[in-house]
Amino acid sequence: MQSRPLVARSSSSPILASHEPPSVAVHNAGASSPFLLLGDHAGNRIPESLGQLGLDATERKRHIAWDIGVAELGVRLADRIGASFIHQVYSRLVIDCNRRPGAPDSIPATSDKTAIPGNEGLDAAQAELRAAAILEPYQKAISDEIDRRAKLGQETILIALHSFTPNMSGLDRPWHVGILHDAGDNRFARAMLEVLGSDPDLIVGDNEPYSMDTIDFTIPFHAYPRTLPYAEIEIRQDLLAVAAGIEEWSERLGRVLVASHRSLRGPR
Ligand SMILES: [Zn+2]
């Protein structure tokens, strides 16, 4: 995959005002767990300069704007397993951090049949400003953390946390959880599928509701060149709709991550 180098930019931006939060949030910075948790779509803020992209408050809370429940899930899971959680603060409708900058759906003009007025007719220079303000600092924070850990000889397994809407284009999605994987070192993802699959109460999607491919950006960009183990986890949003569900899934994922790690390392 062709990728531009990620460079540090000055913090002043015509997109983000100085009183607005930076695009990257890090929970438990510098934690020592082998797992590094990522939330590309955890936020739904829209920079004030973009005027809510022309969307009302209801649309801004829908799944089109973010992965519902993932910010809370990531924090809970990170605390449970002693991991860092790096997550995006701004909406994927501003720029999708799991898409290569410049990709056709990086800044969508429609999402799940909803028009995004603020994204219509965007030129390359405007798209570049959003990438510089939102996507690049986020991806650079991930790169820097992986490099820091590598220098310390610390193992890193990248875990991308996502959630999916229960119904898309009139079709119900039966899976409780999906594990997405493609190229690179996908042994950890397959170990997770095995551990999750041993629970008779769960419907587990193997590359469902989506297949991972090079349309995805974060995992291919960071994990493949470094041959890091990884898994992209998708959880159905109705299961994360209330605090008890988030608690249940953070507990389950904590167990499954540890068991999958152990199964790959073999008996000791
Ligand atoms: Zn997502």
Side-chain angles (χ1 to χ4, degrees), residues 25-44 63 66-89 142 145 149 154-166 173-181 186-210 212 218-219 223 228-268:
V26 183
H27 183 74
N28 294 346
S32 63
S33 160
F35 300 106
L36 178 56
L37 309 180
L38 307 176
D40 295 346
H41 301 145
N44 73 339
H63 76 93
W66 61 335
D67 282 354
I68 293 164
V70 161
E72 296 86 350
L73 175 74
V75 165
R76 292 284 188 165
L77 177 59
D79 286 345
R80 202 175 271 279
I81 62 175
S84 299
F85 174 43
I86 302 178
H87 56 106
Q88 177 55 254
V89 169
I142 298 171
E145 175 60 9
R149 298 165 64 98
Q154 203 173 324
E155 179 185 18
T156 297
I157 303 170
L158 284 185
I159 301 295
L161 297 173
H162 292 266
S163 67
F164 62 95
T165 182
R173 292 158 145 186
W175 311 278
H176 298 107
V177 58
I179 301 296
L180 280 44
H181 56 94
N186 66 8
R187 286 173 302 161
F188 187 81
R190 286 191 278 115
M192 279 196 80
L193 280 167
E194 213 164 300
V195 174
L196 281 165
S198 67
D199 184 337
D201 294 334
L202 291 182
I203 303 175
V204 181
D206 180 351
N207 272 328
E208 299 281 6
Y210 318 99
M212 190 165 140
T218 299
I219 291 289
L228 294 179
Y230 69 86
E232 192 161 306
I233 304 177
E234 288 273 1
I235 297 173
R236 210 175 63 204
Q237 284 167 359
D238 56 303
L239 304 174
L240 303 177
V242 294
I246 290 171
E247 192 59 30
E248 179 189 334
W249 276 91
S250 71
E251 191 272 328
R252 177 179 285 122
L253 288 181
R255 265 191 293 114
V256 169
L257 289 175
V258 169
S260 306
H261 192 214
R262 199 178 292 136
S263 80
L264 276 189
R265 282 153 41 124
R268 325 190 79 204

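Numbering starts at 1 and runs along the sequence shown.
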Crowded around [X] [atom1]? As in, over 12 foreign heavy atoms under 6.0 Å?
X: Gln154; atom1: CD; result: yes
X: Arg173; atom1: CZ; result: yes
X: Arg252; atom1: CZ; result: yes

Please report the interatomic distance [atom1]([X]) to [atom2]([Y]), rounded to the nearest 0.5 Å.
X: Ile203; Y: Arg236; atom1: CD1; atom2: CZ; answer: 7.5 Å
X: Ile142; Y: Thr156; atom1: CD1; atom2: OG1; answer: 12.0 Å
X: Ile86; Y: Glu145; atom1: CD1; atom2: CD; answer: 5.0 Å
X: Arg262; Y: Leu257; atom1: CZ; atom2: CG; answer: 11.5 Å
X: Arg190; Y: Ser260; atom1: CZ; atom2: OG; answer: 12.5 Å

* Show your working on side-chain contact (heavy atoms from CB on, under 4.5 Å) between Leu161 and Ile159 and close with a plain yes or no. => CA-CA 6 Å; Leu161 297 173; Ile159 301 295; 4.0 Å; yes

* Asked: When you check the side-chain N and O atoms of His41 and His162, is any donor under 3.5 Å from an acceptor?
  ->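 Looking only at side-chain atoms, His162 and His41 do form a donor-acceptor pair, the distance falling under 3.5 Å.
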
Does the side chain of [X] reach to within under 4.5 Å of the side chain of [Y], using non-hydrogen atoms?
X: Val204; Y: Trp175; value: no
X: Glu234; Y: Val177; value: no
X: Arg76; Y: Phe85; value: no
X: His27; Y: Asp79; value: yes
X: Ile235; Y: Leu253; value: yes
X: Met192; Y: Ile179; value: yes

Verify, without hydrogens or angle tests, whether [X] (side chain) and [Y] (backbone) share a donor-acceptor contact under 3.5 angstrom.
X: Ser163; Y: Ile68; result: yes
X: Asn207; Y: His181; result: yes
X: Ser84; Y: Asn28; result: yes

* Asked: Should Tyr230 and Ile157 be marked as a side-chain contact (heavy atoms from CB on, under 4.5 Å) after you check the CA-CA gap, both sets of side-chain angles, and the distance that decides it?
  -> CA-CA 5 Å; Tyr230 69 86; Ile157 303 170; 5.8 Å; no

Shortest non-hydrogen contact between [X] and [Y], atoms and distance:
X: Ile81; Y: Gly254; answer: CG2-CA, 3.8 Å
X: Gly82; Y: Ser33; answer: O-CB, 3.1 Å
X: Val195; Y: Ser198; answer: O-OG, 2.6 Å
X: Ala25; Y: Val89; answer: CB-CG2, 3.8 Å
X: Ala71; Y: Ala42; answer: CB-O, 3.7 Å

* Residue among Leu37, Thr218, Leu36 satisfying side chain to side chain contact (heavy atoms under 4.5 Å, CB included) with Leu158 ->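 Testing each of Leu37, Thr218, Leu36 against Leu158, the sole residue satisfying side chain to side chain contact (heavy atoms under 4.5 Å, CB included) is Leu36.
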
* To do: Show the numbers, then the answer: is there a side-chain hydrogen bond (donor to acceptor under 3.5 Å, both in side chains) between Asp201 and His176?
  => CA-CA 9 Å; Asp201 294 334; His176 298 107; over 6 Å; no

* Verify the ring-centre separation between Phe188 and Phe35: is it less than 6.0 angstrom? =>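 Distance test on ring centres: under 6.0 Å, yes.
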
* Near-ring test Phe164/His63, centroid separation under 6.0 angstrom ->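 No; Phe164 has its ring centre 6.0 Å or more from that of His63.
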
* **Lys/Arg-Asp/Glu bridge criterion (N-O < 4.0 Å) met for Arg255, Glu251** =>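 Salt bridge: yes.
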
